Amino acid sequence: MLKQVQHDKNFMDFSQIAIKKNEEVFLATKSNKNGLTLKEVKDRQCEGFNEITSRQITAVQILLRQFKSPFIYLLLGAALIAFGLKELIDGALIVLFVLISVSLGFYQEHRSEKAVKILKQFSRSKVHVWRAGKIDLIETKELVVGDVLLLQAGDKIPADVRFFETRDLTVDESILTGESVNIAKIADFLVKAPTDYYQAENIGFSGTSILSGSAKAVVFATGANSTLGKISQKVLETGKISGFARGINDFAR
(Lines give C-alpha, C1' and ligand atoms only; values in the text may rest on other atoms or scores of the structure.)
Protein backbone atom coordinates (compact mmCIF):
# COMPACT_ATOMS: atom_id res chain seq x y z
CA MET A 1 0.00 0.00 0.00
CA LEU A 2 1.35 3.38 -0.96
CA LYS A 3 2.19 5.42 2.11
CA GLN A 4 1.55 9.07 2.76
CA VAL A 5 3.94 11.42 1.00
CA GLN A 6 5.77 14.11 2.93
CA HIS A 7 4.71 17.64 2.04
CA ASP A 8 6.43 20.96 1.65
CA LYS A 9 5.50 24.18 3.41
CA ASN A 10 2.84 25.08 0.80
CA PHE A 11 1.21 21.66 0.79
CA MET A 12 -1.83 20.94 2.94
CA ASP A 13 -1.58 17.39 4.25
CA PHE A 14 -4.61 15.24 3.41
CA SER A 15 -4.47 13.56 6.81
CA GLN A 16 -5.04 16.93 8.51
CA ILE A 17 -7.65 18.13 6.03
CA ALA A 18 -9.60 14.90 6.60
CA ILE A 19 -10.18 15.63 10.30
CA LYS A 20 -11.31 19.22 9.81
CA LYS A 21 -14.96 20.18 9.79
CA ASN A 22 -16.29 21.67 6.56
CA GLU A 23 -16.12 25.21 7.93
CA GLU A 24 -12.50 24.67 8.95
CA VAL A 25 -11.62 23.32 5.51
CA PHE A 26 -13.03 26.43 3.83
CA LEU A 27 -11.12 28.57 6.30
CA ALA A 28 -7.88 26.71 5.56
CA THR A 29 -8.34 27.07 1.79
CA LYS A 30 -9.65 30.66 2.09
CA SER A 31 -12.80 29.74 0.23
CA ASN A 32 -16.54 29.09 0.76
CA LYS A 33 -19.35 26.93 -0.63
CA ASN A 34 -20.08 29.52 -3.32
CA GLY A 35 -16.56 29.26 -4.71
CA LEU A 36 -13.92 31.87 -5.46
CA THR A 37 -14.28 35.20 -7.21
CA LEU A 38 -12.52 35.71 -10.54
CA LYS A 39 -10.02 38.04 -8.87
CA GLU A 40 -9.16 35.43 -6.24
CA VAL A 41 -8.67 32.84 -8.97
CA LYS A 42 -6.39 35.12 -10.98
CA ASP A 43 -4.31 35.99 -7.91
CA ARG A 44 -3.84 32.34 -7.00
CA GLN A 45 -2.96 31.30 -10.53
CA CYS A 46 0.06 33.59 -10.25
CA GLU A 47 1.49 30.97 -7.89
CA GLY A 48 1.30 28.29 -10.59
CA PHE A 49 -1.10 26.15 -12.57
CA ASN A 50 -2.57 22.79 -11.73
CA GLU A 51 -0.31 20.69 -13.90
CA ILE A 52 2.50 18.21 -13.48
CA THR A 53 5.74 19.52 -14.90
CA SER A 54 8.50 17.29 -16.17
CA ARG A 55 11.87 17.81 -17.73
CA GLN A 56 11.93 18.21 -21.50
CA ILE A 57 14.64 15.74 -22.39
CA THR A 58 15.19 13.50 -25.42
CA ALA A 59 16.28 9.88 -25.49
CA VAL A 60 19.64 10.94 -26.98
CA GLN A 61 20.24 13.34 -24.08
CA ILE A 62 19.42 10.60 -21.58
CA LEU A 63 21.86 8.25 -23.34
CA LEU A 64 24.69 10.80 -23.46
CA ARG A 65 24.18 11.60 -19.78
CA GLN A 66 25.01 7.99 -18.89
CA PHE A 67 28.59 8.58 -20.04
CA LYS A 68 29.06 11.63 -17.81
CA SER A 69 30.60 9.74 -14.92
CA PRO A 70 34.17 9.62 -13.60
CA PHE A 71 33.78 5.87 -13.21
CA ILE A 72 32.88 5.46 -16.90
CA TYR A 73 35.83 7.68 -17.86
CA LEU A 74 38.09 5.50 -15.73
CA LEU A 75 36.86 2.32 -17.37
CA LEU A 76 37.17 3.72 -20.89
CA GLY A 77 40.71 4.84 -20.07
CA ALA A 78 41.49 1.36 -18.80
CA ALA A 79 40.06 -0.11 -21.99
CA LEU A 80 42.29 2.11 -24.13
CA ILE A 81 45.32 1.07 -22.13
CA ALA A 82 44.36 -2.60 -22.47
CA PHE A 83 43.98 -2.26 -26.23
CA GLY A 84 47.29 -0.37 -26.39
CA LEU A 85 49.00 -3.26 -24.59
CA LYS A 86 47.40 -5.73 -27.03
CA GLU A 87 45.22 -7.15 -24.23
CA LEU A 88 42.23 -7.41 -26.54
CA ILE A 89 40.12 -9.68 -24.35
CA ASP A 90 40.56 -7.46 -21.28
CA GLY A 91 39.79 -4.35 -23.31
CA ALA A 92 36.70 -5.95 -24.83
CA LEU A 93 35.42 -7.06 -21.42
CA ILE A 94 35.83 -3.55 -20.03
CA VAL A 95 33.96 -2.04 -23.00
CA LEU A 96 31.23 -4.65 -22.58
CA PHE A 97 30.88 -3.74 -18.91
CA VAL A 98 30.61 -0.05 -19.83
CA LEU A 99 27.89 -0.78 -22.40
CA ILE A 100 25.91 -2.87 -19.92
CA SER A 101 26.16 -0.14 -17.27
CA VAL A 102 25.14 2.60 -19.72
CA SER A 103 22.25 0.51 -21.06
CA LEU A 104 20.84 -0.17 -17.60
CA GLY A 105 21.10 3.49 -16.63
CA PHE A 106 19.44 4.59 -19.87
CA TYR A 107 16.62 2.06 -19.48
CA GLN A 108 15.87 3.12 -15.91
CA GLU A 109 15.86 6.85 -16.59
CA HIS A 110 13.97 6.59 -19.88
CA ARG A 111 11.31 4.45 -18.21
CA SER A 112 10.95 7.07 -15.45
CA GLU A 113 10.40 9.81 -18.03
CA LYS A 114 7.73 7.75 -19.80
CA ALA A 115 6.00 7.01 -16.49
CA VAL A 116 5.74 10.71 -15.69
CA LYS A 117 4.22 11.42 -19.11
CA ILE A 118 1.61 8.74 -18.44
CA LEU A 119 0.82 10.27 -15.05
CA LYS A 120 0.39 13.67 -16.70
CA GLN A 121 -2.34 12.24 -18.90
CA PHE A 122 -4.41 11.51 -15.80
CA SER A 123 -4.51 15.22 -14.98
CA ARG A 124 -5.65 16.41 -18.42
CA SER A 125 -9.39 16.97 -18.69
CA LYS A 126 -12.12 19.49 -18.01
CA VAL A 127 -14.14 19.92 -14.85
CA HIS A 128 -17.22 21.80 -13.65
CA VAL A 129 -16.33 24.46 -11.10
CA TRP A 130 -18.43 26.94 -9.14
CA ARG A 131 -16.94 30.42 -9.58
CA ALA A 132 -18.31 33.95 -9.23
CA GLY A 133 -21.81 32.63 -8.58
CA LYS A 134 -22.05 30.39 -11.65
CA ILE A 135 -20.96 27.01 -12.95
CA ASP A 136 -18.13 26.97 -15.50
CA LEU A 137 -16.54 24.13 -17.44
CA ILE A 138 -12.80 24.79 -17.38
CA GLU A 139 -9.48 23.14 -18.15
CA THR A 140 -8.19 21.34 -15.07
CA LYS A 141 -4.85 23.14 -15.28
CA GLU A 142 -6.68 26.38 -14.40
CA LEU A 143 -7.78 25.07 -11.00
CA VAL A 144 -6.48 26.67 -7.82
CA VAL A 145 -6.68 25.91 -4.13
CA GLY A 146 -10.12 26.89 -2.87
CA ASP A 147 -12.01 26.10 -6.08
CA VAL A 148 -15.34 24.34 -5.53
CA LEU A 149 -15.84 21.40 -7.89
CA LEU A 150 -19.04 19.66 -8.99
CA LEU A 151 -18.17 16.02 -9.63
CA GLN A 152 -20.23 13.15 -11.01
CA ALA A 153 -19.83 9.61 -12.32
CA GLY A 154 -17.25 9.41 -15.10
CA ASP A 155 -15.24 12.43 -13.91
CA LYS A 156 -11.56 12.15 -13.15
CA ILE A 157 -10.61 14.04 -10.00
CA PRO A 158 -8.15 16.71 -11.22
CA ALA A 159 -6.63 17.77 -7.89
CA ASP A 160 -6.66 16.76 -4.25
CA VAL A 161 -10.07 17.67 -2.86
CA ARG A 162 -12.09 17.42 0.33
CA PHE A 163 -15.70 16.38 -0.17
CA PHE A 164 -18.28 18.49 1.67
CA GLU A 165 -21.41 17.11 -0.05
CA THR A 166 -21.80 13.56 -1.39
CA ARG A 167 -24.57 11.44 -2.85
CA ASP A 168 -23.95 7.68 -3.21
CA LEU A 169 -20.35 8.49 -4.10
CA THR A 170 -17.82 5.78 -4.97
CA VAL A 171 -14.31 6.27 -6.36
CA ASP A 172 -11.76 4.12 -8.16
CA GLU A 173 -8.39 4.60 -6.42
CA SER A 174 -6.54 1.76 -8.14
CA ILE A 175 -4.00 4.23 -9.56
CA LEU A 176 -2.84 4.78 -5.96
CA THR A 177 -3.48 1.46 -4.23
CA GLY A 178 -3.31 -1.00 -7.13
CA GLU A 179 -6.59 -2.52 -5.95
CA SER A 180 -9.69 -2.43 -8.18
CA VAL A 181 -12.17 -1.87 -5.38
CA ASN A 182 -14.96 0.70 -5.34
CA ILE A 183 -14.27 3.06 -2.44
CA ALA A 184 -17.28 4.73 -0.83
CA LYS A 185 -16.71 8.38 0.07
CA ILE A 186 -18.38 10.58 2.68
CA ALA A 187 -18.64 14.30 3.42
CA ASP A 188 -18.22 14.21 7.21
CA PHE A 189 -14.95 14.89 8.98
CA LEU A 190 -12.97 11.95 10.32
CA VAL A 191 -12.38 11.47 14.02
CA LYS A 192 -8.92 9.97 13.47
CA ALA A 193 -6.36 11.30 11.01
CA PRO A 194 -5.75 8.79 8.17
CA THR A 195 -2.20 7.67 7.49
CA ASP A 196 -2.85 5.87 4.20
CA TYR A 197 -4.83 6.82 1.13
CA TYR A 198 -7.44 4.09 1.57
CA GLN A 199 -8.30 5.44 5.05
CA ALA A 200 -9.14 8.94 3.78
CA GLU A 201 -12.87 8.42 3.30
CA ASN A 202 -13.66 12.10 2.72
CA ILE A 203 -10.73 12.89 0.43
CA GLY A 204 -10.60 12.71 -3.36
CA PHE A 205 -7.09 12.25 -4.74
CA SER A 206 -5.87 13.62 -8.05
CA GLY A 207 -5.91 11.04 -10.83
CA THR A 208 -8.63 8.87 -9.29
CA SER A 209 -12.03 8.47 -10.96
CA ILE A 210 -15.66 8.90 -9.87
CA LEU A 211 -17.47 5.61 -10.45
CA SER A 212 -20.94 6.48 -9.20
CA GLY A 213 -22.90 9.21 -7.47
CA SER A 214 -22.06 12.89 -7.29
CA ALA A 215 -20.29 15.30 -4.98
CA LYS A 216 -19.22 18.82 -4.23
CA ALA A 217 -15.65 19.28 -3.13
CA VAL A 218 -13.12 21.99 -2.40
CA VAL A 219 -9.57 21.83 -3.80
CA PHE A 220 -6.79 21.84 -1.20
CA ALA A 221 -3.73 20.80 -3.26
CA THR A 222 -2.87 21.24 -6.93
CA GLY A 223 -0.04 20.53 -9.37
CA ALA A 224 3.22 19.42 -7.81
CA ASN A 225 1.64 19.59 -4.34
CA SER A 226 -1.13 17.13 -5.24
CA THR A 227 -0.88 13.41 -4.66
CA LEU A 228 -0.30 12.73 -8.36
CA GLY A 229 2.34 15.47 -8.46
CA LYS A 230 4.18 13.97 -5.49
CA ILE A 231 4.11 10.51 -7.05
CA SER A 232 5.46 11.82 -10.36
CA GLN A 233 8.31 13.50 -8.48
CA LYS A 234 9.11 10.20 -6.78
CA VAL A 235 9.18 8.52 -10.18
CA LEU A 236 11.60 11.13 -11.53
CA GLU A 237 13.87 10.64 -8.53
CA THR A 238 14.51 7.07 -9.67
CA GLY A 239 16.53 8.59 -12.50
CA LYS A 240 18.82 10.44 -10.14
CA ILE A 241 22.19 9.10 -9.10
CA SER A 242 22.06 6.79 -6.09
CA GLY A 243 24.24 6.95 -3.00
CA PHE A 244 26.13 3.87 -4.17
CA ALA A 245 26.81 5.44 -7.57
CA ARG A 246 28.02 8.64 -5.90
CA GLY A 247 30.41 6.57 -3.83
CA ILE A 248 31.72 4.81 -6.92
CA ASN A 249 32.23 8.16 -8.69
CA ASP A 250 34.09 9.58 -5.68
CA PHE A 251 36.31 6.51 -5.62
CA ALA A 252 36.93 6.83 -9.38
CA ARG A 253 37.96 10.47 -8.99
Side-chain angles (χ1 to χ4, degrees), residues 1-22 24-31 33 35-36 41 44-45 47-53 116 119-130 138-152 155-166 169-177 183-190 193-211 215-235:
M1 200 64 70
L2 202 56
K3 292 292 184 181
Q4 174 185 339
V5 182
Q6 294 297 320
H7 59 279
D8 60 33
K9 63 181 181 180
N10 296 317
F11 177 60
M12 282 184 276
D13 189 351
F14 76 83
S15 64
Q16 296 304 310
I17 289 291
I19 60 176
K20 292 182 182 293
K21 296 180 179 179
N22 291 343
E24 295 173 325
V25 174
F26 284 117
L27 184 62
T29 56
K30 298 179 181 178
S31 183
K33 291 185 177 181
L36 302 172
V41 171
R44 298 185 189 196
Q45 285 179 340
E47 300 175 6
F49 288 94
N50 178 42
E51 55 187 354
I52 298 174
T53 58
V116 170
L119 286 173
K120 288 180 69 175
Q121 293 177 1
F122 281 92
S123 63
R124 293 175 181 172
S125 59
K126 290 188 176 182
V127 65
H128 287 94
V129 59
W130 188 267
I138 67 169
E139 296 283 346
T140 55
K141 73 174 185 178
E142 298 177 8
L143 288 175
V144 296
V145 171
D147 263 329
V148 173
L149 308 185
L150 286 73
L151 301 167
Q152 57 185 358
D155 288 343
K156 195 175 296 293
I157 301 177
D160 288 354
V161 302
R162 163 65 192 275
F163 300 114
F164 63 87
E165 287 185 27
T166 59
L169 184 66
T170 61
V171 177
D172 176 10
E173 295 184 341
S174 57
I175 187 177
L176 299 180
T177 64
I183 307 297
K185 294 293 183 176
I186 61 176
D188 296 330
F189 70 93
L190 303 183
T195 56
D196 288 285
Y197 297 133
Y198 75 94
Q199 297 174 336
E201 299 174 87
N202 56 2
I203 299 294
F205 296 104
S206 56
T208 61
S209 303
I210 305 293
L211 294 177
K216 290 183 180 180
V218 59
V219 175
F220 68 86
T222 62
N225 286 330
S226 69
T227 300
L228 201 62
K230 294 294 182 181
I231 292 175
S232 67
Q233 185 59 40
K234 289 291 183 181
V235 171

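Please read all numbers here as calculations on a predicted model, not as lab measurements. The figures that follow rest on heavy atoms only: side chains count, while hydrogens, waters and symmetry mates do not. Residue indices begin at 1 and follow the sequence shown.
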Closest approach of [X] and [Y], non-hydrogen atoms and distance?
X    : Y    : answer
P194 : S15  : O-CB, 2.9 Å
S209 : K156 : OG-NZ, 3.3 Å
Q16  : K20  : O-CG, 3.3 Å

D196 side chain vs Y198 backbone, donor-acceptor pair below 3.5 Å: no

Side chain N50, main chain E142, donor-acceptor under 3.5 Å: no

All ring pair (Phe, Tyr, Trp, His ring centres under 6.0 Å) counterparts of F26, not counting sequence neighbours: F164

Any side-chain heavy atom of [X] within less than 4.5 Å of one from [Y]?
X    : Y    : answer
L228 : I175 : yes
I138 : V127 : yes
L149 : V219 : yes
D160 : I203 : no
N202 : D188 : no
L36  : R44  : yes

Sequence-distant partners of I210, side chain to side chain contact (heavy atoms under 4.5 Å, CB included), two or more places apart: L151, D155, I157, L169, V171

Partner set under side chain to side chain contact (heavy atoms under 4.5 Å, CB included) for F189, not counting sequence neighbours: K21, R162

Within this structure, what is the [atom1]-[atom2] distance for the pair [X] and [Y], rounded to the nearest 0.5 Å?
X    : Y    : atom1 : atom2 : result
F163 : N22  : CZ    : CG    : 12.0 Å
K141 : E51  : NZ    : CD    : 6.0 Å
K33  : E165 : NZ    : CD    : 5.5 Å
S206 : L143 : OG    : CG    : 11.0 Å

Residues which pass salt bridge (Lys or Arg N to Asp or Glu O under 4.0 Å) with K185, listed by chain and number, not counting sequence neighbours: E173

Derivation and outcome, side chain to side chain contact (heavy atoms under 4.5 Å, CB included), residues T140 and K126: CA-CA 5 Å; T140 55; K126 290 188 176 182; 5.6 Å; no

Which residues satisfy the side-chain hydrogen bond (donor to acceptor under 3.5 Å, both in side chains) test with [X], sequence neighbours excluded?
X    : result
D172 : S174
Q45  : none
S31  : none
T166 : none

F205 and F14 aromatic ring geometry - parallel, tilted or perpendicular at 30°/60° bounds: perpendicular

